[in-house]
Amino acid sequence: MALALVAGGFVEAATFTVVNTADSGAGSLRQAILDANASAGADVVDFAIPSGSCSAAGVCVITLVSTISIDEAVTIDGTTQPQHGTAPANTCATATDDSFLRVEILGPSGTRLLEVNSTNSTMIRGLSLGSGYGISLNSGTGHKVQCNHLGLSGDGYTGLGGYGVLIEGSANEAIIGTDGDGIDDLAERNVFAGSTYGIYCNSNSRNWIAGNFFGFAADGVTALGNSTSIFMRQSSTMNLVGTNEDGVSDLLERNIIGYGSTGIYFRPGVFSDRQNWVVGNWIGLDADGNPAGVTTAIKIDTLGKGHVIRSNRIENNITGIVAADDVTLSPFSMCNSITGNSTGVDHSGTATLTLQSNWWGDPTGPSGAGPGSGDSIVVTGSGSVDFTAWLVSAGAPCPYVFADGFESGNTQAWSNTGP
Ligand SMILES: [Ca+2]
Ligand SMILES: [Ca+2]
Ligand SMILES: [Ca+2]
């Protein structure tokens, strides 16, 4: 029994069960969410769709004709859909199995499928969503999106298109992927693949994107690229992509990003986006550590400032980091491994980029604007790149010591719960 505190006292959380694949009406997903919205407190939506409504492989496809609005705290758990016959088990990722999800939700292109308008935390897990905009977090804090396939079929191998997760409106402090609490962190991985945008973040803050696969099938190896895996625009600030370096589950908090056009794109537009953190990720490698390059690993447009890009492996891409005019990374891009890229860094602007203490793939340092034979630094504008000193081996310790979540000179510590 779960209890929720609402005005007037405690009420028992209700469970609403989806028993068919219809767009609406009794037993549908839409009706279950309408009922959960109408029932005070945090409820549960689970699934018990009969085998006759599902594929031979055991995937049950719900095709929506319009958006479903989630207006209250709720847990929507696709992993509750039972196994049928010899069909593969419904599973989040484990140490030995890829995720296989048995509830697949499709909808019209350009339409938000599940739109979270709840101001209280909502959990969406165990669903495959594609063709439309899968999950739109539109308001509230503390939402969790875990163990889903975004832009990817339930069986984990077919791209469906659309956008994966939108973070917009007043939604902040969501966790997309593992929450790094040491409990079931591997199983909390989402797979983002085959989308125009895996995550589209529009002026939102303190969201944590961790432990996900981007650009791969559910095995983390088979190529299924997103056009852009993570897109942050306007004044998106203080979001963390990767590990929080608190010593708990840090490796499981690494995002693995490969294939497609752009790994992470900061596109401020007329507003600055700044002080986002990209820490401890692999960009251009698959889950086995083999090459899986993207065209551009990290792209930072005009007015992007103060991003922290640290301790990532940025390898095998056509371009590692592209930085345009008025970008200030100083002194936050450091201790990365920038190797095997056709161009390590391409700087087209007027600012001075500080890219110290990176490993460029050769003890002699970067080539191009640098004196060595490692990955190249290409300067095409009037700016410059300060690359000294560099690390002289891949395993060299980073000379910078950081307190948890804090950078000297940065005006705010990263925090998922606010400053
Ligand atoms: Ca409710
Ligand atoms: Ca966890
Ligand atoms: Ca951690």
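Just so you know, ligand 1 is whichever comes first in the structure, and atom 1 is the first atom listed for that ligand. In what follows, residues are counted from 1 in the order of the sequence shown.
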- Query: Within G180, is some N, O or S atom less than 3.0 Å away from the Ca ion (ligand 2)?
  - Reply: no

- Message: At less than 3.0 Å, would any N/O/S atom of A42, backbone or side chain, sit next to the Ca ion (ligand 1)?
- Response: no

- Looking at F213, is R189 sitting on its ring face, NZ or CZ under 6.0 Å from the six-membered ring centre and within 45 degrees of the normal? yes

- Message: For a distance under 3.0 Å, tell me if D185 has an N/O/S atom near the Ca ion (ligand 2).
- Response: yes

- Side-chain donor-acceptor contact under 3.5 Å, S118 with N120: no

- Message: Suppose we only allow N, O or S atoms; which atom of E72 ends up nearest to the Ca ion (ligand 1)?
- Response: OE1

- N244 near the Ca ion (ligand 3) via N/O/S, less than 3.0 Å: yes

- Message: Are Y259 and F216, when compared by the centres of their aromatic rings, separated by less than 6.0 Å?
- Response: yes

- Item | D179 atom (N/O/S) at minimal separation from the Ca ion (ligand 2) | OD1

- Is there a donor-acceptor contact under 3.5 Å linking the side chains of T17 and D46? yes

- Note on the structure: Here the N/O/S atom of D43 closest to the Ca ion (ligand 1) would be OD2

- Item | For the Ca ion (ligand 2), the closest N/O/S atom belonging to E188 | OE2

- Can you tell if the side chain of F100 reaches within under 4.5 Å of the side chain of D155, non-hydrogen atoms only? yes

- What angle sits at the Ca ion (ligand 1) between O of S39 and O of A36, to 10°? 90°

- Query: Can you tell me the angle formed at the Ca ion (ligand 3) by OD1 of D250 and O of V248, to 10°?
  - Reply: 90°

- Message: Can you tell me which N/O/S atom of D181 has the shortest distance to the Ca ion (ligand 2)?
- Response: OD1

- Message: Regarding E115 and N117, do their side chains bring together a donor and an acceptor under 3.5 Å, going by distance alone?
- Response: yes

- Query: Once rounded to 10 degrees, what value does the angle at the Ca ion (ligand 3) take between OE2 (E253) and OD1 (D246)?
  - Reply: 150°

- What distance do S236 atom OG and R206 atom CZ have between them, rounded to the nearest 0.5 Å? 12.5 Å

- Query: Going by an N to O cut-off under 4.0 Å, is there a salt bridge joining R112 and E168?
  - Reply: yes

